[in-house]
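Notes follow once the structure below has been shown.
This is a predicted model, so every value here is computed, not measured. So that the names make sense, note that chain A is the first sequence line, chain B the second, and so on, each numbered from 1.
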Number of protein chains: 2
Amino acid sequence: MNYYTISQLAEQFDISTRTIRYYEERGLISPIRTDSGQRLYTKKDRAVLKLILRGKRFGFSLEEIHEMISLFDNDRTGRKQLEKTIAYGEKKLKEVTERIEDLMQLKQEMESILADFRERLQKLEETE
Amino acid sequence: MNYYTISQLAEQFDISTRTIRYYEERGLISPIRTDSGQRLYTKKDRAVLKLILRGKRFGFSLEEIHEMISLFDNDRTGRKQLEKTIAYGEKKLKEVTERIEDLMQLKQEMESILADFRERLQKLEETE
DNA sequence: ATTGACTTTTACGTAAACGTAAACTAAAAT
DNA sequence: ATTTTAGTTTACGTTTACGTAAAAGTCAAT
């Protein structure tokens, strides 16, 4: 398995190294270290970072994203833990579904407004 | 036409009056005033507020929301203006569409993870 | 071997989006 | 008439999510 350096990841996702270190500060990502203390990121770390950035685009706070990541990450073996995780996952899934519906409604509204504007433009061009 | 007071709107949307005043500070909403200076909100103002809150849920900044609102709000009569507005609207519409696709992918991933967890729980329960 | 690019920690700075408190006015209720 | 209750402005405080700079160590290349 090979590793990414912090600046490689930063470049790939077009974010600053500070940002990546900040996510580590907040406990969202945990790269290993070389003897000299340099951070090294695995593919899994990269995937986590991708998740974080996607969450951000949806307006989730880092705190919320942190919770969601622990869903993917933790090996929750106990039955109680599993049940808890599933319940939490269902809740988050519902939130995501609602957001999608919400967004689709927004999309519809924007489309109808655009259609209206296009019509107006059409009329302007007809009477030229 | 009847009006809402600031605290009525705050209660309806479960936000603070400060928040509503802040949106006004930023030029997102413009209620009329009584002689004594009290703010009164029309249904249209209420609709704008709803739009703002929806935008926020999607992670748009107030600045972006401000731009989008002016799309709905302004009567852009000139042809150049219309064309500009349509172009901007199309751009924003594309962004929204991308976000929907992005969210749907997230949803799928969450669903498959949940399915995995449910399967594990199932196996635990079988060997009881 | 030394320059230059990269990395580390520490720490202070900042913009956005409000929270909160003070000091005051107006409206509603007792 | 006078307490509540709700509203106003002004202004400083706070959290989140980083930006930025300093001081020092490390890696890569000439």
Pairing of A:E95 and A:K92 as salt bridge, 4.0 angstrom limit
yes
Protein-nucleotide distance (A:R26, atom CZ; D:dC18, atom P), rounded to Å:
10 Å
Over how many whole Å does the gap from A:E11 atom CD to C:dA5 atom C1' extend?
14 Å
Carboxylate-amine/guanidinium proximity below 4.0 Å for A:E125 and A:R118:
no
By the 4.0 Å heavy-atom rule, please label A:T17 as base, sugar-phosphate, or nothing.
nothing
Can a donor-acceptor pair be found between the side chains of B:Q12 and B:Y4 at a distance below 3.5 Å?
no
Any chance you could list the contact pattern along nucleotides 20-30 of chain C? Use B for base contacts, S for sugar-phosphate-only contacts and - for none, protein heavy atoms under 4.0 Å, 5' to 3'.
B-----SS---
Quickly work out the B:D35 CG to D:dG7 C1' distance and round it to whole Å.
15 Å
When we call it a touch if two heavy atoms are under 4.0 Å apart, what does B:R39 touch: a base, just sugar-phosphate, or nothing?
sugar-phosphate
Heavy atoms under 4.0 Å, any strand shown: does B:R21 hit a base, just sugar-phosphate, or nothing?
base
Value in whole Å for how far the P atom of D:dT8 lies from CD1 of B:I6:
5 Å
Assess whether a salt bridge exists between A:R21 and A:E25, defined as any Lys/Arg side-chain N lying under 4.0 Å from an Asp/Glu carboxylate O.
no
With the threshold set at 4.0 Å, does a side-chain nitrogen-carboxylate oxygen contact exist between B:E109 and A:R54?
yes
Would you check if A:K56 and A:L62 make a side-chain contact, meaning some heavy-atom pair closer than 4.5 Å?
yes
Integer-rounded Å distance: D:dT10 C1' and B:E25 CD:
10 Å
With respect to the phosphate group of D:dC18, does any side-chain polar atom (N or O) of A:Y23 fall under 4.0 Å of OP1 or OP2?
yes
Below 4.0 angstrom from OP1 or OP2 of D:dT16, is there any side-chain N or O of A:K56?
no
To the nearest angstrom, the OH-C1' distance between A:Y41 and C:dC6 comes to 13 Å
Figure out the CZ/P separation between A:F60 and D:dT16, and round it to whole Å.
17 Å
Could you tell me the separation between the CD atom of B:E24 and the P atom of D:dG7, rounded to a whole number of Å?
14 Å
Proximity to the side chain of A:T19 - top-ranked nucleotide from D:dG19, C:dC18, C:dT7:
D:dG19
Close side-chain approach of A:R33 to A:Q38, heavy-atom, < 4.5 Å
no
If only side-chain N and O atoms of A:T5 are considered, is one of them under 4.0 Å from the OP1 or OP2 phosphate oxygen of C:dT7?
yes
